[in-house]
Amino acid sequence: MESRAGVAATPGALPYYVALSQLLGLTVVAMTGAWLGLYRGGIAWEGALQFNVHPLCMVIGLIFLQGDALLVYRVFRNEAKRTTKVLHGLLHVLALIIALVGLVAVFNYHRQKGYSDLYSLHSWCGILVFVLYFVQWLVGFSFFLFPGASFSLRSRYRPQHVFFGATIFVLSVGTALLGLKEALLFKLGAKYSTFEAEGVLANVLGLLLASFGVTVLYILTRADWKRPPQAEEQALSMDFKTLTEGDSPSSQ
């Protein structure tokens, strides 16, 4: 449905779900910081507190910012497609940089303490998610932002890009939940079953993480909430096909 000015109307419920996602995401980031400050001593780049940089960076980067990057095409429905693409890509870059800082922090901490690396399921999933996330961004940049990819090639790859973007986000949330549980078991051990205050707070944090993930996925999977193609975008796409592949509107 479009307005009289030719601008696509925003579905009535969409802004409320987007607002809910942001409330949940910001609450997750704030609660992660509170958990680390109240029960883990805070955050520092040097010494024993360097480990705490890892969960905070991963939550900010691979959960909150990645989720927001996925929502860009739902939120900015009438802005120029090129602008939306750039914002989508920049949010992913920022998430990738912050996640890299988190990885460096945990590896430095392990080296200082003499701990083994990459032995747990959480660490395996974490490395897998980071590598997939980097590859997804690199391929997406090559296809959609870097000039040269043909229209038909972009069209064929777009469904895979969308699928793997959502899949990596789900894996990120799952990996964060694994890491949260691992951190609790390492510190609390048998006390975890006695409803220690830290355990209760972390459990609530886990539920909020899952809720944020579910809300983002719900917004993404509502077909009627997708960003509608604008008339000028369709014209440019057809011109691009004509110039690069010899297609014309009459040939479709």
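The figures that follow rest on heavy atoms only: side chains count, while hydrogens, waters and symmetry mates do not.
The environment of F134 atom CZ is sparse: at most 12 non-hydrogen atoms of other residues, nucleotides or ligands sit within 6.0 angstrom. Counted within 6.0 Å of OH on Y192, heavy atoms from surrounding residues, nucleotides or ligands total more than 12; the atom is thus considered enclosed. Annotation: W124, atom CH2; neighbour count of heavy atoms from other residues, nucleotides and ligands within 6.0 Å does not exceed 12.
Side-chain contact between R74 and S21 is absent, with no heavy atoms from C-beta onward closer than 4.5 Å. Y73 is listed as a side-chain neighbour of K85, based on a closest heavy-atom distance under 4.5 Å. Side-chain contact between Q50 and N108: present, with at least one pair of heavy atoms (C-beta onward) separated by less than 4.5 Å. Contact annotation: the side chain of F107 approaches that of L118 to within less than 4.5 Å [non-hydrogen atoms, C-beta and beyond]. Using a 4.5 Å heavy-atom cutoff, the side chains of F169 and L220 are not in contact. In this structure, R77 and L14 have side chains that are in contact, with non-hydrogen atoms separated by less than 4.5 Å. Using a 4.5 Å heavy-atom threshold, the side chains of M31 and L201 count as touching. At a threshold of 4.5 Å between non-hydrogen side-chain atoms, the residues V72 and L87 count as touching.
Using cut-offs of 30° and 60° on the angle between ring planes, the pair W225 and Y17 is tilted. Ring geometry for H92 versus H88: interplanar angle over 60°, hence perpendicular rather than tilted (30 to 60°). The aromatic rings of Y115 and H110 stand perpendicular to each other, their planes meeting at an angle above 60°, with 30° marking the opposite boundary.
Contact between G61 and I98 at its shortest, heavy atoms only, is N-CG2, 4.1 Å. Closest non-hydrogen pair, H54 versus A105, comes out as N-CB, 4.4 Å. The minimum heavy-atom distance linking G12 with P15 is given by the pair O-CD, 3.5 Å. The two residues M58 and L103 have their closest heavy-atom pair at CE-CG, 3.5 Å. When all heavy atoms are compared, the tightest approach of P55 to W35 is CB-CZ3, 4.5 Å. The minimum heavy-atom distance between L177 and G206, with the atom names listed, is CD2-O, 3.5 Å.
Going from atom CG of L65 over to atom CD1 of I60 covers 7.5 Å, rounded to the nearest 0.5 Å. In this structure, I168 CD1 and L62 CG are separated by 9.5 Å, a value rounded to the nearest 0.5 Å. Atom CD1 of I127 and atom CG of L132 lie 11.0 Å apart (nearest 0.5 Å). Put simply, OG1 on T175 and CG on L128 are 7.5 Å apart, with the number rounded to the nearest 0.5 Å. Residue T10 holds its OG1 atom at 6.5 Å from CG of N78, rounded to the nearest 0.5 Å. Distance check: C57 SG to I43 CD1 gives 7.5 Å after rounding to the nearest 0.5 Å.
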Task: C125 vs L171, side-chain contact (heavy atoms from CB on, under 4.5 Å): CA-CA, chis, key distance, verdict - done: CA-CA 8 Å; C125 290; L171 289 174; over 6 Å; no
Open item on the list: Set out, in order, the CA-CA distance, both residues' side-chain angles and the distance that settles side-chain contact (heavy atoms from CB on, under 4.5 Å) for Q66 and L96, then state yes or no.
Closed with: CA-CA 9 Å; Q66 182 182 182; L96 193 64; over 6 Å; no
- [ ] Kindly indicate, with the supporting measurements, whether the criterion side-chain contact (heavy atoms from CB on, under 4.5 Å) is fulfilled by T84 and R227.
- [x] CA-CA 11 Å; T84 311; R227 185 182 192 271; 3.8 Å; yes
- [ ] May I have the step-by-step check of side-chain contact (heavy atoms from CB on, under 4.5 Å) for F64 and V59, ending in yes or no?
- [x] CA-CA 6 Å; F64 181 61; V59 166; 5.6 Å; no
Show me the donor-acceptor pairs, under 3.5 Å and distance only, between side chains in residues 180-188 and residues at least two apart or in other chains.
{"unit_1": "E182", "atom_1": "OE1", "unit_2": "S120", "atom_2": "OG", "d": "3.2"}
{"unit_1": "K187", "atom_1": "NZ", "unit_2": "Y39", "atom_2": "O", "d": "2.5"}
{"unit_1": "K187", "atom_1": "NZ", "unit_2": "E198", "atom_2": "OE1", "d": "3.2"}

Atom pairs and distances, side-chain donor-acceptor, residues 207-217, under 3.5 Å, sequence neighbours left out:
{"unit_1": "S211", "atom_1": "OG", "unit_2": "L207", "atom_2": "O", "d": "2.8"}
{"unit_1": "T215", "atom_1": "OG1", "unit_2": "S211", "atom_2": "O", "d": "2.8"}

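Under the 4.5 Å side-chain heavy-atom criterion for ILVMFWY residues, a single connected hydrophobic cluster contains both F141 and V93.
Between the side chain of N52 and the main chain of R40, a donor-acceptor pair closer than 3.5 Å is present.
Results of the ring-ring contact (aromatic ring centres under 6.0 Å, His included) test with H161 over F144, W137, F143 single out F144 as the only residue that passes.
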